[in-house]
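Each remark here refers to the structure printed beneath this line.
Residue numbers begin at 1 in each chain, while the letters A, B, ... track the order of the sequences.
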Number of protein chains: 2
Amino acid sequence: MTHPTIRDVAQRAGVGIGTVSRVLNNSPRVTASTRRAVLDAIAILGYKPNTLARQLPRKMRIRNIGVITQLFVSYRSFAERLRGVQLALNEIDHSYELVLFNVRSMPHYDERLRSIIQTGQVEGLIIIDLDLTGEQHELLLAHNLPFVGVNHFQNREWPCIGTDNLHGGRMATEYLLSLGHRKIAYVGDEFVDVFYAFNTSYERYTGFSQVMEAHGLRVPDHHICLAPHDYDAARASALELFRQPDLPTAIFAMSDMQALACIAAAEECGLRVPDDLSIIGYDDLEISYHTRLTTMRQHLLESGRLAIDYLLKRLSGENCPVPLLPPIELIARQTTRPYPPVKG
Amino acid sequence: MTHPTIRDVAQRAGVGIGTVSRVLNNSPRVTASTRRAVLDAIAILGYKPNTLARQLPRKMRIRNIGVITQLFVSYRSFAERLRGVQLALNEIDHSYELVLFNVRSMPHYDERLRSIIQTGQVEGLIIIDLDLTGEQHELLLAHNLPFVGVNHFQNREWPCIGTDNLHGGRMATEYLLSLGHRKIAYVGDEFVDVFYAFNTSYERYTGFSQVMEAHGLRVPDHHICLAPHDYDAARASALELFRQPDLPTAIFAMSDMQALACIAAAEECGLRVPDDLSIIGYDDLEISYHTRLTTMRQHLLESGRLAIDYLLKRLSGENCPVPLLPPIELIARQTTRPYPPVKG
DNA sequence: GTAGATTGTGGAAACGTTTCCACTACAACG
DNA sequence: CGTTGTAGTGGAAACGTTTCCACAATCTAC
C-alpha cells in the first residue's frame, strides 16, 4: 500500500477511526492504553496524515499566493522584490500566505507553472523575472488564475510591472557624458537569452550604444565586456579590460553587483574610483547605499508592493489596470566624478 | 450562503456537477453554449473552487515546509538564512515547497504557530530567530510536527541551530585588545527582551564586558550605546557617542548594519575609519565583504542549509542529532587596525 | 439499588471536488 | 432501417479526514 490511511491505522490498532482521529488531534478523551496502541500502529505503518484531507471538513480554505522565481542566488534584485512583496502583504491583508516556488531551468519552469495551474494550489501568482510564452499565458487565462509579473523588462501582452531598460541605459550613459566622459565601457551579462538573463543586458546596452552613437562616439569592441551574471565573472572581465591599452574613464555596469566587481578589479589594478575611473551601476540595492555606488534606481522594493496591491485587487474581483512603477531615477553617489577632474 | 459550491453552480446553470467540473478543468468535451451557461453561473454566484477539495480526489499530497520568521525588514540576517534554506532545499529535495509565515508581534506569533500546528498545513517547520515557550514546544511535540530552529541564540531544550553569542562577543573584544585598543565602546540593541531582540545584544555585550574586566579595563557608561535595532537609531546613537569627550579608539557593534551605521556617523564627525577609529561588526553579511568590514562570521547561509538538512532527515523518519554550526570566525578586513597606529 | 452524569469509543455523515461509468441523442455506415 | 460509434452530459462513488451522535461502561450521589 502506498499511503496508509486513518482506516488502516484504526484496523491495525483495533479501534475505530474516530479514536485515531482523536489521538491525532490530541484530544484528552482517549485512554492512555488506547492512545499507546494507536501510536504504535501509526509508527509501524509509517502513517502520515494527509494535510489536504484534514482541512476539508474543517471548512478551511487555504489562501495562498504563489511567488515563482529563480533561485535568488545570482540576482540580488530578486530578494529585494520579494521583500517588497512581503512588506506589502503584511500591511494590506493578513489572510494570505506566501508560497515560494523556485525554478532551476526553463523546462523546470514550464513544468512547475503547469503543475501550479493544474493543481490550483494558489489563488494568485506573482511571476518574478520570468517571461511567459503565449501558451503559458493562455493557460493562466483559461484556468482563471490571477497573476502578475514583476520583471526586469516591460511587456504589454500580459500584466507585468516592469521597467524600461532602454531608457535606463540611456539615462546612465547621458549622465556619464554630462560629466565629460567620452571613453565609456559597458560591463554586463552576455547577450544570449539564457534562462534568467532575457535580454535585459542587451536592452541596457542598446540604450547605452544609442546615446554614444548620437554623440558621435565609437565604442571599441574591447570596451564591451560581457560575462555570465556573476560577481567573479564580472571581476575577471573587468580585469581583462584594465589589462589592455586605451583605458576607459568610466564604466556603465548593468547591475550593482557587477559594478562592485568592477570597483574591486579597479583597485586590484591600482586604479582609484572615482579619481581614475567613474563607475555607475544599475538597481540601487541596499548595498549600493553603503558602498556609495552611483546607480540607477529602479524601485525594486516598490515593484513588489505594487504587485501585491494589484493581485489583491484582482483577487477581490476588481478589474483594475496594471500599476506603473515610478520612473527610473539616477542616484548620484561617490563612484562617479567629472572628467577631466576639476581640482577643488 | 457563504461559499457557493460546484453544486450551486450546477443547479443555477441547469447542468450536472460533472459538466461544471469539466468547464473548470477546461475539458474540450463541453458544448460552447453549455460552457457559456456555466461560466455565467460562476460569475453570478462569485463561485471560487476550493483549492483543498480539488486536490483530494487527485490523490495529491501537498508537501510544504513552513518557515516562520519575523518580517525580514530589520534583521538582514533573516534574508541570508532564508537564502541558505532555499539553496539547500533546491539541491537536496525538489518535492517540497516553502511556505513563508511572517509574524508581527509576540501574540501574533503564538496565534500563527497554533494555527499552523492545528491545521497541519505544513509537514515540517523551520523557526527562524524566534524562541519557543515550553507550552509551544509541547504542542509541537504533541502534534508530531517536525521542527528546527535557526537562531541568534543557543538552546538545549529544543532542536535549534544556534550560535554562542557570549563566545562571539569575547572573540571580537579579544581581537580589538590584541590590536592594542583599550578604550572600546559597545553599540547594540537595547537589552530589553523585545519581540525580536531576545537577549542577543545582552549576550554579546556580556562577552565583551567579561573580557574587558578580565583585562582590568573599566568601560564608562557613555561607551555603552544601546538603541533599537535599526540603522538610523544606531547612527544617532554613535553620533551621540562621538559628541562627548573621551572618545573610544574602537567600537564593537552587535551587527554589521549597526557597524555600518557607526562608520557613517564617524565620517559625519570627521573621524576616519580605521585611522582614527577601529570598528568591528557581527554577522558577516554579504554587504560586509563589499564594505570591507571587519566582522564575526556566524555562518548564516550555512545555518539555513543545516536546518533543511536536519528537517528532511527528520521527515524521512531518521532520528539524527541536531547539527552543529561551524565555530564563529573572525574575519579581519579593513575597518580595524592596530592602536596606537604603527607607521608603515 | 437506582437515577443521572461522565468517560471512552465506534462509525455514519459531511466536506467539495474529480473521476468514471452510464446514458442519450444523433451521425455515419452498410 | 438497423448497427455502430461518438460527442455531450448526469450523477454516484471516491478521496481521507473531522465531527457529531449514539451507545456502552463506569462512576457518583442519594
Side-chain angles (χ1 to χ4, degrees), chain A residues 1-39 41-42 45-63 115 117-123 143-144, chain B residues 1-39 41-42 45-63 115 117-123 143-144:
Chain A
M1 145 185 12
T2 36
H3 279 291
T5 74
I6 201 170
R7 252 168 273 270
D8 300 318
V9 175
Q11 194 178 3
R12 175 110 202 179
V15 300
I17 54 164
T19 304
V20 177
S21 177
R22 276 183 286 270
V23 171
L24 289 174
N25 292 285
N26 245 47
S27 154
R29 303 180 105 65
V30 186
T31 336
S33 61
T34 313
R35 160 166 281 130
R36 196 52 278 145
V38 171
L39 289 176
I42 287 175
L45 295 174
Y47 165 76
K48 296 208 165 187
N50 182 316
T51 331
L52 248 29
R54 301 191 79 167
Q55 315 277 53
L56 196 50
R58 284 173 170 152
K59 296 208 182 198
M60 286 199 145
R61 295 172 77 90
I62 291 191
R63 307 185 64 176
S115 109
I117 294 171
Q118 185 56 39
T119 61
Q121 57 192 294
V122 298
E123 308 210 341
H143 284 260
N144 213 28
Chain B
M1 138 188 18
T2 37
H3 278 290
T5 74
I6 200 169
R7 251 168 275 269
D8 301 318
V9 175
Q11 195 178 2
R12 175 109 203 177
V15 300
I17 54 164
T19 303
V20 177
S21 178
R22 275 183 288 270
V23 170
L24 288 174
N25 291 286
N26 245 46
S27 154
R29 300 181 106 65
V30 186
T31 337
S33 62
T34 313
R35 160 164 282 129
R36 195 57 272 148
V38 171
L39 290 176
I42 288 175
L45 295 173
Y47 165 76
K48 294 209 167 189
N50 181 318
T51 331
L52 248 30
R54 303 191 78 168
Q55 316 276 51
L56 195 49
R58 285 174 170 152
K59 297 207 178 197
M60 286 198 146
R61 294 173 77 90
I62 291 190
R63 307 185 63 176
S115 110
I117 293 169
Q118 184 57 38
T119 62
Q121 56 192 296
V122 299
E123 308 211 340
H143 280 84
N144 212 29

- Nearest to the side chain of B/Ser21, which nucleotide is it out of D/dC20, C/dT19, C/dG16? C/dT19
- Message: Regarding B/Thr31, tell me which of base, sugar-phosphate or nothing describes its non-hydrogen contacts under 4.0 Å with the strands shown.
- Response: sugar-phosphate
- Query: Which nucleotide sits closest to the side chain of A/Thr34: C/dT9, C/dT17, C/dT18?
  - Reply: C/dT9
- Rounded distance (Å) that lies between atom C1' of C/dT18 and atom CG of B/Asn50: 13 Å
- d(CD1, B/Ile17; P, C/dC15) in whole Å: 13 Å
- Note on the structure: The nucleotide from D/dC20, D/dT9, D/dG11 with an atom nearest the side chain of B/Arg29 is D/dT9
- Would you give the length of the straight line joining atom OG1 of B/Thr51 to atom CG of B/Leu56, rounded to the nearest 0.5 angstrom? 12.5 Å
- Let me know the distance between CD of A/Gln55 and P of C/dG16, rounded to the nearest Å. 14 Å
- Task: Quickly work out the A/Gln11 CD to D/dG16 P distance and round it to whole Å.
- Result: 15 Å
- Query: Does atom CZ of A/Arg12 have more than 12 heavy-atom neighbours from other groups under 6.0 Å away?
  - Reply: no
- Any chance you could measure B/Asn50, atom CG, to B/His3, atom NE2, to the nearest 0.5 Å? 8.5 Å
- Query: Closest to the B/Arg7 side chain: D/dT17, D/dT18, C/dT17?
  - Reply: C/dT17
- Note on the structure: A/Arg58 CZ to C/dG16 C1', in whole Å, measures 16 Å
- Item | Identified side-chain contact (heavy atoms from CB on, under 4.5 Å) partner of A/Val23 from the options A/Ile6, A/Val38, A/Val9 | A/Val38
- Task: Rounded off to whole Å, could you give me the CZ-to-P distance for the B/Arg54 and D/dT17 pair?
- Result: 21 Å
- Task: Calculate the interatomic distance between B/Arg22 atom CZ and C/dG16 atom P; express it in whole Å.
- Result: 21 Å
- Distance, rounded to the nearest Å, where B/Asn26 contributes CG and C/dT18 contributes C1': 15 Å
- Message: Could you check whether any side-chain heavy atom of B/Ile42 comes within less than 4.5 Å of a side-chain heavy atom of A/Asn144, counting everything from C-beta outward?
- Response: no
- Which nucleotide in D/dT18, C/dC20, C/dT9 has an atom nearest any side-chain atom of A/Thr19: C/dT9
- Nucleotide of C/dT18, D/dT18, C/dT7 approaching B/Asn25 most closely (side-chain heavy atoms): C/dT18
- Query: From C/dG10, C/dT19, D/dG16, pick the nucleotide closest to the side chain of B/Leu56?
  - Reply: D/dG16
- Message: Taking the minimum atom-to-atom distance to the side chain of A/Val30, which one of C/dT9, C/dG16, D/dT18 wins?
- Response: C/dT9
- Starting at the 5' end of DNA chain D and moving along, which residue's nearest nucleotide shows up first, B/Pro57 or B/Ser33? B/Ser33
